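Letters A, B, ... mirror the listed sequences (proteins, then strands); counts begin at 1. Model, not experiment: these values are computed from the prediction.
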Amino acid sequence: DTEVTQTPKHLVMGMTNKKSLKCEQHMGHRAMYWYKQKAKKPPELMFVYSYEKLSINESVPSRFSPECPNSSLLNLHLHALQPEDSALYLCASSHRTGKKRANTEAFFGQGTRLTVV
Amino acid sequence: KNQVEQSPQSLIILEGKNCTLQCNYTVSPFSNLRWYKQDTGRGPVSLTIMTFSENTKSNGRYTATLDADTKQSSLHITASQLSDSASYICVVTVLSGYNKLIFGAGTRLAVHP
């Protein structure tokens with residue numbers, strides 16, 4: 001199984017709503033990532049979890065709150081979002097890399113298309 | 001500054017023709033270089049991954065090359081199909097404890113019948 005599964009595929013939410021994006025993988029990867037991608041732009045890294053601990057936060061606003069309840073799951077909790085937060089949110093996972101593992105693959109989910117109204 | 005630049009920005013070819021996409025990078029320390037295919041509104045799908053010691057790697061009709069000395073890579077698509085229409089993204093990984101990916105802006109390929 002080389003899949004990263006994201007739910008929901010599409011989400012429309014109001015600026016006062018609270019919602020969550022979910023990501024799941026069963027490849028034994030201990031690094032998981034959230035990316036944000038605007039149209040016709042490359043993905044931008046938001047968060048990195050390593051061994052279920054937050055290791056990288058790329059100065060993301062607090063209205064985005066990540067959570068890694070176990071080694072297979074990654075959530076992104078959303079609250080009080082702005083219309084400019086509308087984007088494709090991608091989850092990815094990989095083994096941790098290093099000099100002895102230079103070609104480790106990163107697998108992406110299909111993304112959640114988020115629209116904030 | 002770590003950067004990945006791709007050319008051309010967009011490309012239109014006829015079905016059955018070949019094409020080559022280019023990628024130049026300045027990333028250090030270098031771990032590997034990947035090519036991804038991304039359909040609109042979908043997640044990227046890996047095509048190839050190469051470390052600095054690999055010069056070429058094929059995946060079906062896709063062949064990637066890497067010149068670590070000049071820091072250039074190319075992706076050659078043979079006998080293009082309509083389903084090849086997508087964005088092709090060159091991604092270079094920084095050697096670190098996790099996959100720190102530096103993305104190019106992508107080349108948008110349109111294959112016309």
Side-chain angles (χ1 to χ4, degrees), chain A residues 2-7 9-10 21 23 25 29-51 53-58 86-115, chain B residues 2-6 8-10 23 25 27-55 57 59 64 66 68 73 86-110:
Chain A
T2 57
E3 274 199 10
V4 176
T5 304
Q6 289 188 243
T7 56
K9 287 187 171 52
H10 301 276
L21 309 185
C23 174
Q25 57 87 16
H29 292 165
R30 302 309 293 274
M32 296 186 76
Y33 314 76
W34 280 115
Y35 286 86
K36 172 183 177 181
Q37 187 176 24
K38 302 285 272 185
K40 298 184 180 180
K41 297 286 188 183
E44 299 173 5
L45 182 64
M46 300 174 72
F47 302 104
V48 179
Y49 270 82
S50 179
Y51 288 94
K53 287 184 168 44
L54 182 65
S55 60
I56 302 287
N57 177 342
E58 293 285 352
S86 299
L88 181 68
Y89 287 84
L90 294 166
C91 173
S93 73
S94 74
H95 289 297
R96 278 179 52 81
T97 61
K99 291 182 179 178
K100 293 184 180 179
R101 202 175 230 172
N103 62 346
T104 186
E105 186 58 84
F107 293 88
F108 285 83
Q110 289 300 299
T112 294
R113 170 66 63 190
L114 174 68
T115 303
Chain B
N2 289 324
Q3 270 187 317
V4 176
E5 295 182 349
Q6 292 187 243
Q9 211 172 32
S10 60
C23 174
Y25 63 92
V27 174
S28 181
F30 175 90
S31 177
N32 59 61
L33 184 145
R34 316 148 186 261
W35 283 93
Y36 283 93
K37 177 186 178 186
Q38 186 175 24
D39 294 312
T40 302
R42 308 295 295 276
V45 175
S46 178
L47 297 175
T48 62
I49 180 171
M50 291 181 291
T51 61
F52 73 92
S53 60
E54 297 174 289
N55 300 120
K57 186 162 280 190
N59 178 2
L66 174 63
S73 176
S87 283
Y88 290 84
I89 308 175
C90 177
V91 183
V92 180
T93 307
V94 179
L95 188 66
S96 67
Y98 69 97
N99 270 297
K100 183 173 182 179
L101 305 179
I102 310 298
F103 287 82
T107 292
R108 284 186 294 283
L109 175 66

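- The candidate from Ser55(A), Ala39(A), Ala92(A), Pro43(A) with the greatest count of non-hydrogen atom pairs under 4.5 Å with chain B is Pro43(A).
- Nearest approach of Leu90(A) to Gly43(B), heavy atoms of both residues: CD2-CA, 3.6 Å.
- To the nearest 0.5 Å, the span separating CZ on Phe103(B) from CD on Glu44(A) amounts to 10.5 Å.
- Looking at Gln6(A), there are no atoms closer than 4.5 Å to chain B (heavy atoms on both sides), in backbone or side chain.
- The shortest heavy-atom contact between Pro42(A) and Gly104(B) is CB-O, 3.4 Å.
- Atom NZ of Lys9(A) sits about 7.5 Å away from atom CZ of Arg42(B), to the nearest 0.5 Å.
- Heavy atoms of Phe52(B) lying under 4.5 Å from chain A are absent altogether.
- Residues passing the side chain to side chain contact (heavy atoms under 4.5 Å, CB included) test with Asn55(B), sequence neighbours excluded: none.
- Residue Ser87(B): no heavy atom, backbone or side chain, is found under 4.5 Å from chain A.
- Note: Leu101(B) CG to Tyr35(A) OH = 3.5 Å, rounded to the nearest 0.5 Å.
- Per-residue heavy-atom pair counts under 4.5 Å with chain B were compared for Cys91(A), Gly111(A), Ala106(A), and the maximum is reached by Ala106(A).
- Within a 6.0 Å sphere centred on NZ of Lys38(A), heavy atoms belonging to other residues, nucleotides or ligands number more than 12.
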